[in-house]
Amino acid sequence: QVQLVESGGGLVQAGGSLRLSCGVSGNTFSSYAMGWFRRTPGKEREFVAAINWNAETTGYADFAKGRFTISRDNIKNTVYLQMNSLKPEDTADYYCALRYGAWMERPDYNYWGQGTQIIVVS
């Protein structure tokens, strides 16, 4: 009953910025945390950022700190990931995920989006 749809990916020059959106639809019957993960061929899915239900707590991977910002709008049922100073190594498929309860860095979430591709070129 819950669907997540990411958007905002694309091709960007190194040093540039992108803003990803993740729309949440369906019956979210309790408070939930939202997370962003990414996956590159040949690498395991890795944590990027997460935010709790009321945006009072957030968490970031080391590579994301100072460059990426996660936020959410519960009225619009949307979570965002602002990515600045992008690097070629940020190239990956990015996924949003929903977890009932507290966020965590492990990919143990209840629902996942289909992903959106980001390619950073030099």
Side-chain angles (χ1 to χ4, degrees):
Q1 292 184 331
V2 176
Q3 293 183 340
L4 310 179
V5 180
E6 302 95 335
S7 62
L11 182 69
V12 65
Q13 184 78 21
S17 299
L18 285 174
R19 184 178 179 85
L20 303 183
S21 298
C22 176
V24 180
S25 62
N27 185 16
T28 55
F29 56 87
S30 63
S31 300
Y32 59 90
M34 295 293 298
W36 286 96
F37 294 78
R38 70 185 188 184
R39 178 181 294 163
T40 300
K43 298 179 62 177
E44 296 183 353
R45 179 173 50 189
E46 63 179 343
F47 172 79
V48 177
I51 188 168
N52 79 326
W53 72 273
N54 61 3
E56 290 185 342
T57 61
T58 57
Y60 296 92
D62 287 341
F63 65 80
K65 293 179 179 177
R67 297 193 299 133
F68 297 178
T69 302
I70 188 170
S71 62
R72 67 190 295 170
D73 185 333
N74 288 344
I75 300 301
K76 296 181 178 180
N77 295 319
T78 303
V79 62
Y80 306 94
L81 183 68
Q82 177 68 44
M83 301 182 293
N84 300 324
S85 302
L86 285 164
K87 306 174 182 179
E89 51 263 44
D90 293 319
T91 296
D93 291 332
Y94 285 72
Y95 301 84
C96 66
L98 182 154
R99 186 178 191 274
Y100 292 117
W103 63 263
M104 62 172 55
E105 295 186 7
R106 293 184 178 181
D108 184 13
Y109 284 65
N110 296 96
Y111 299 96
W112 293 85
Q114 293 296 312
T116 185
Q117 185 179 50
I118 293 176
I119 301 175
V120 185
V121 298
S122 300

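Model, not experiment: these values are computed from the prediction.
R39 meets the side chain to side chain donor-acceptor pair (under 3.5 Å) test with no other residue; sequence neighbours excluded. The side chain to side chain donor-acceptor pair (under 3.5 Å) test applied to N54 returns N52, E56, not counting sequence neighbours.
Cluster membership for V2 and Y95, using ILVMFWY side-chain heavy atoms within less than 4.5 angstrom, is not shared. Linking Ile, Leu, Val, Met, Phe, Trp and Tyr whenever their side-chain heavy atoms come within less than 4.5 Å leaves Y80 and L98 in two separate clusters. Both Y111 and I51 are part of a single hydrophobic cluster, where members link through side-chain heavy atoms under 4.5 Å apart. Under the 4.5 Å side-chain heavy-atom criterion for grouping Ile, Leu, Val, Met, Phe, Trp and Tyr, L11 is not connected to L81 through any hydrophobic cluster.
Evaluated for a side-chain contact (heavy atoms from CB on, under 4.5 Å) with M34, the options V79, N74, T78 yield exactly one hit, V79.
Taking the six-membered ring where the residue is Trp, the centroids of Y109 and F37 are separated by under 6.0 Å.
More than 12 heavy atoms of other shown residues, nucleotides or ligands fall within 6.0 angstrom of atom CD in E46. Summarising the local packing, CD of E44 is surrounded by 12 or fewer heavy atoms from other residues, nucleotides or ligands at distances under 6.0 Å.
Within the 4.5 Å cutoff, the side chain of V24 has heavy atoms near those of the Y32 side chain.
With values rounded to the nearest 0.5 angstrom, L86 atom CG is found 6.5 Å from I118 atom CD1. For the atom pair S7 OG and R19 CZ, the distance stands at 10.5 Å (nearest 0.5 Å). Between the SG atom in C96 and the CD atom in Q114 there is a gap of 10.0 Å [rounded to 0.5 Å]. The distance from atom CZ of R38 to atom CD of E89, rounded to the nearest 0.5 Å, is 8.0 Å. Rounding to the nearest 0.5 Å places CG of N84 at 9.5 Å from CG of L18. Going from atom CD of Q1 over to atom OG of S25 covers 11.0 Å, rounded to the nearest 0.5 Å.
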#### Entry: From CA spacing to verdict: side-chain contact (heavy atoms from CB on, under 4.5 Å), T58, W103
CA-CA 8 Å; T58 57; W103 63 263; 5.7 Å; no
### Task
Output, in order, the C-alpha distance, side-chain angles, deciding distance and verdict of side-chain contact (heavy atoms from CB on, under 4.5 Å) for M83 and W36.
CA-CA 12 Å; M83 301 182 293; W36 286 96; over 6 Å; no
Under 3.5 Å, sequence neighbours excluded: what are the donor-acceptor pairs made by side chains of residues 61-71?
unit_1: D62; atom_1: OD1; unit_2: K65; atom_2: NZ; d: 3.4
unit_1: R67; atom_1: NE; unit_2: F63; atom_2: O; d: 3.2
unit_1: R67; atom_1: NH1; unit_2: S85; atom_2: O; d: 3.0
unit_1: R67; atom_1: NH1; unit_2: D90; atom_2: OD2; d: 2.7
unit_1: R67; atom_1: NH2; unit_2: F63; atom_2: O; d: 2.9
unit_1: R67; atom_1: NH2; unit_2: D90; atom_2: OD1; d: 3.1

